[in-house]
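None of the values given here were measured: they were computed from a predicted structure. Scope of the values below: all heavy atoms of this structure, side chains included, with no hydrogens, waters or symmetry mates. Here is the naming used below: chain letters follow the sequence lines, and residue numbers restart at 1 for every chain.
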Amino acid sequence: MSEVDVVLPDGSHRTLRAGATARDVAEAIGARLAKDALAARVGGALVDLAAPVPDGAEVAIITPASDEGREVLRHSTAHVLAQAVRRLWPGAKYAIGPAIENGFYYDFELPHGARFTDEDLARIESVMREIIAEDQSFTRDEMSIDEGLHLFADQPYKIEIITKVKEGASDEEDLGEVAGGASISIYRNSEEFVDLCRGPHVPSTKRLGHFKLMRVAGAYWRGDEKRPQLQRVYGTAFETEAGLAAHLHMLAEAEKRDHRRLASELDLISFPSELGGGLAVWHPRGGIVRKQMEDFSRERHQAGGYEFVVTPHLANARVFETSGHLGFYKDAMYPPMEMDNGTYYMKPMNCPMHCLIFKSRARSYRELPLRLFELGTVYRYERAGTLHGLMRIRGFTQDDSHIYCTEEQLDEEIASLLGFVMDMLRAFGFEDFSAYLSTKDPDKYVGSDEIWETATEALRGAMERFGLAYQVKAGDAAFYGPKIDIDVRDAIGRRWQLSTIQCDFNHPERFDLEYVGADNQRHRPIMLHRALFGSIERFFGVLLEHYAGNLPTWLAPEQVRVLGVRTDHDDYAASVAAVLGAEGVRVNVEPGDEPLGARIRRAKLEKVPYVLVVGDEDVAAGTVGINARGSEEPERGVDLSEFLSALRAEIAAHERPED
RNA sequence: GCCUGGGUAGCUCAGCCGGCAGAGCAGCGCAUUCGUAAUGCGCAGGUCGUGGGUUCGAUUCCCACCCCAGGCUCCA
């Protein structure tokens, strides 16, 4: 055959001479594309531009400004990072260096147990820039496993990877290195540097350059804390300097809306170190927001047919033995307290207590579904290194409910629950949901296959009816039943896992829960666990980040601040505040001792939704000037009653002035 | 838990080679009375995370501990 015919993504064909490469395809399409090209996708596989294209293959050229293009750029930049580290630390062992979301990393073991420090980043970066300027080409080679073992003889991590491949590599990850079954692929970008790699890579280092090393970290080899800890360098790379700058800017923005920063700046919450790690206190301005959240939650639950219960924070070990927590969850529980009549634990979950309420007397099918709701505070011992502001904390309050129902009621109960959950999340400004369905772990479960099937289908059916996109996490269920976890997307596109709905066949069994059915027989109820906020603390943290601290008016700790232009307007300002306060508006007056501009600035920094400025004209006409958060131009001379009714409407609608 | 970085006034941070601890903001006082993001002057504020060590002398150097942040999952 002297020619090959390839199919392009638009369905058109190109005919090239036999032995043509992906680069030839790009050139056949256009000089501009050939210049941009970084790699190619041939028959579904990513390959180098130098790779030959077989007859009949589908060929797509990968350019920098695409997800795949950036991945190639980042991966190649990771190689340059490794090369630079090997120049600076001769004898450094190098492990793995993949592209990851938003960047790349590479793991090393430095000679004599050396560690990277922040100062090293600048040195490594400048060597990387030298390597890039040297315009080294990346060339692929394939060799036998034995040749590979020889080539990387002084590289224990590479040897481990190759050996696993040789042994028939149970891991899919390692199979990626096997080309043709018995060989491995390597890339050289000079005589100086060679790396075991699947590729593809950019043609030459000169195609790189818009990168930044971000941080150093320790990382266990293969993510296993029993194995050696390597030194990891994280970096990011983009196809243009502007892309890199935009990414760095986004990171700066995300930092500005960090809930820990906002919680402190807005005087909402603090984490006194005297209390110990992972324990928060709510200040008055945070407390009032929490009260709004809780009041709203209780209202919704009351309307949804829930009953309110309260249970203690501390319980005898017996109850956690019965529930299985001491068997399955002990690592996350606070250590036991020995007391006169036994051993006690802080509760890590509310379910055992709710089961005891169910069990306190005989139950009839007429009572089901029985929905017990509690804002229940739980304590979990999280490892010190995993604590993170309000998102990962050791003491928190769940908007927790356990629903006891019959097998026949399960389907409808889950369906209505899903609607209930999403209504609640929407009320807090989240619109974009996705979900995970976690199914049975075949090695670890309780209950019959039939009931798992019923429950899993009930969960699946409910999500499909709601048009909720979901992914299945096979085998990820709790041992006691399948579950749905619901994610929300926040204002800057990040996903947060909040709500969860879980079926439980374990607790009813362990607590021997029963109800008497219409047939006068005893039956075992099914139990649903569900939390909408998840944890109030975490939900509050997510809200702060989502709104960048600009909470909607119904939640804002202070909704209105009234400022007189001069001190002689203070009385009128107080009368305006009195009118609003009588309507339940959270309002304060700041007297006119300081210049107006300074007082406005302070109110803005405190993110008060409405600043009312009142002066001579307002006193005379009974009006207010409105400076709304987020608006460019203040309004003058608005009738107070008009402002009040607009404010009431906004509060009722859970909106923000900037909406 | 482990790696890296950090802990100095309420907050944000400066403090080179060891020599009596600094700034801005916030706070307090006085003056200023002002129409939409910083009025001026003054005052006060610290066991430099904790405990040891080296030294004539330690915020600074060494050791241990505590707390905070990032990372330890996305595959050479």
Using a cut-off of 4.0 Å on non-hydrogen atoms, how would the nucleic acid contact of A:Gly223 be classed: base, sugar-phosphate, or nothing? sugar-phosphate
With sugar-phosphate meaning primed atoms plus P, OP1 and OP2, does A:Glu617 contact a base, only sugar-phosphate, or nothing at under 4.0 Å between heavy atoms? base
A:Tyr94 near the nucleic acid: base, sugar-phosphate alone, or nothing, with a heavy-atom cut-off under 4.0 Å? nothing
Can you identify which nucleotide, out of B:C34, B:U33, B:A37, has its nearest atom closest to the A:Thr567 side chain? B:U33
Rounded to whole Å, please give me the gap between CG in A:Leu46 and P in B:C75. 13 Å
Hey, is the side chain of A:Arg260 poking within less than 4.0 Å of OP1 or OP2 on B:G70, counting only N and O atoms? yes
Applying a 3.5 Å limit to both distances, which nucleotide forms a Watson-Crick or G-U wobble pair with B:C25? B:G10
When you measure only distances, ignoring hydrogens and angles, does the side chain of A:Gln229 come within 3.5 Å of the base of B:C72 through a donor and an acceptor? no
Within the structure shown, what part of the strands sits under 4.0 Å from A:Asp593 by heavy-atom distance: base, sugar-phosphate, or nothing? base
Of the listed nucleotides (B:A38, B:C34, B:U4), which one gets closest to any side-chain atom of A:Ala598? B:A38
Could you tell me which nucleotide pairs with B:U36 by Watson-Crick or G-U wobble geometry, both distances under 3.5 Å, or answer none if nothing does? none
What does A:Glu265 touch in the nucleic acid at a heavy-atom separation under 4.0 angstrom: a base, only the sugar-phosphate, or nothing? nothing
Would you classify A:Gly597 as touching base, sugar-phosphate or nothing, given that sugar-phosphate means primed atoms plus P, OP1 and OP2, and contacts are heavy atoms under 4.0 Å? sugar-phosphate
Report which part of the nucleic acid A:Asp195 touches: base, sugar-phosphate, or nothing (heavy-atom distance under 4.0 Å, all strands). sugar-phosphate
Across every strand shown, the nucleotide meeting Watson-Crick or G-U wobble geometry with B:C72 (both distances under 3.5 Å) is B:G1
So is A:Arg74 actually on top of A:Phe104's ring, under 6.0 Å and inside 45° of the axis? no
Whole angstroms only, please: what is the CD1-C1' distance between A:Ile96 and B:C75? 6 Å
What pair of heavy atoms forms the shortest contact from A:Phe116 to A:Val85, and how long is it? CZ-CG1, 3.9 Å
Note: for A:Pro634 and A:Arg566 on RNA chain B, the residue whose nearest nucleotide lies more 5' is A:Arg566
Base B:G35 to side chain A:Asp616, donor-acceptor N/O within 3.5 Å cut-off: no
Taking for each residue the nucleotide of RNA chain B bearing the nearest heavy atom, is the 5' side occupied by A:Asp258 or by A:Leu230? A:Leu230
Anti/syn call for B:C17, syn if |chi| within 90°: syn
Identity of whatever pairs with B:U47 - Watson-Crick or G-U, under 3.5 angstrom: none
Can you tell me the pairing partner of B:C56 across any strand shown, Watson-Crick or G-U wobble, with both distances under 3.5 angstrom? B:G19
Side-chain N or O of A:His388 closer than 4.0 Å to phosphate OP1/OP2 of B:G71: no
Would you say A:Tyr105 places a side-chain N or O within less than 4.0 Å of OP1 or OP2 belonging to B:C72? no
Does A:Tyr234 reach a base, just sugar-phosphate, or nothing at all? Heavy atoms under 4.0 Å. sugar-phosphate
If I take atom NZ in residue A:Lys226 and atom C1' in nucleotide B:G1, what distance separates them, rounded to the nearest angstrom? 11 Å
If you look at every heavy atom in A:Ile600 and A:Val611, which pair is closest and at what distance? CG1-CG1, 4.5 Å
Under 4.0 Å between any heavy atoms, over every strand shown, what does A:Ile100 touch: base, sugar-phosphate, or nothing? Just pick one. sugar-phosphate
Return the orientation label for the A:His201 and A:His75 ring planes: parallel under 30°, perpendicular over 60°, tilted otherwise. tilted
So among A:Arg566, A:Arg602, A:Arg599, A:Arg601, which one has a salt bridge (Lys or Arg N to Asp or Glu O under 4.0 Å) with A:Glu594? A:Arg602
Is a donor-acceptor contact shorter than 3.5 angstrom present between the side chain of A:Tyr220 and the base of B:G71? no
Taking any heavy-atom pair under 4.0 Å as a contact, classify A:Gly615: base, sugar-phosphate, or nothing. base
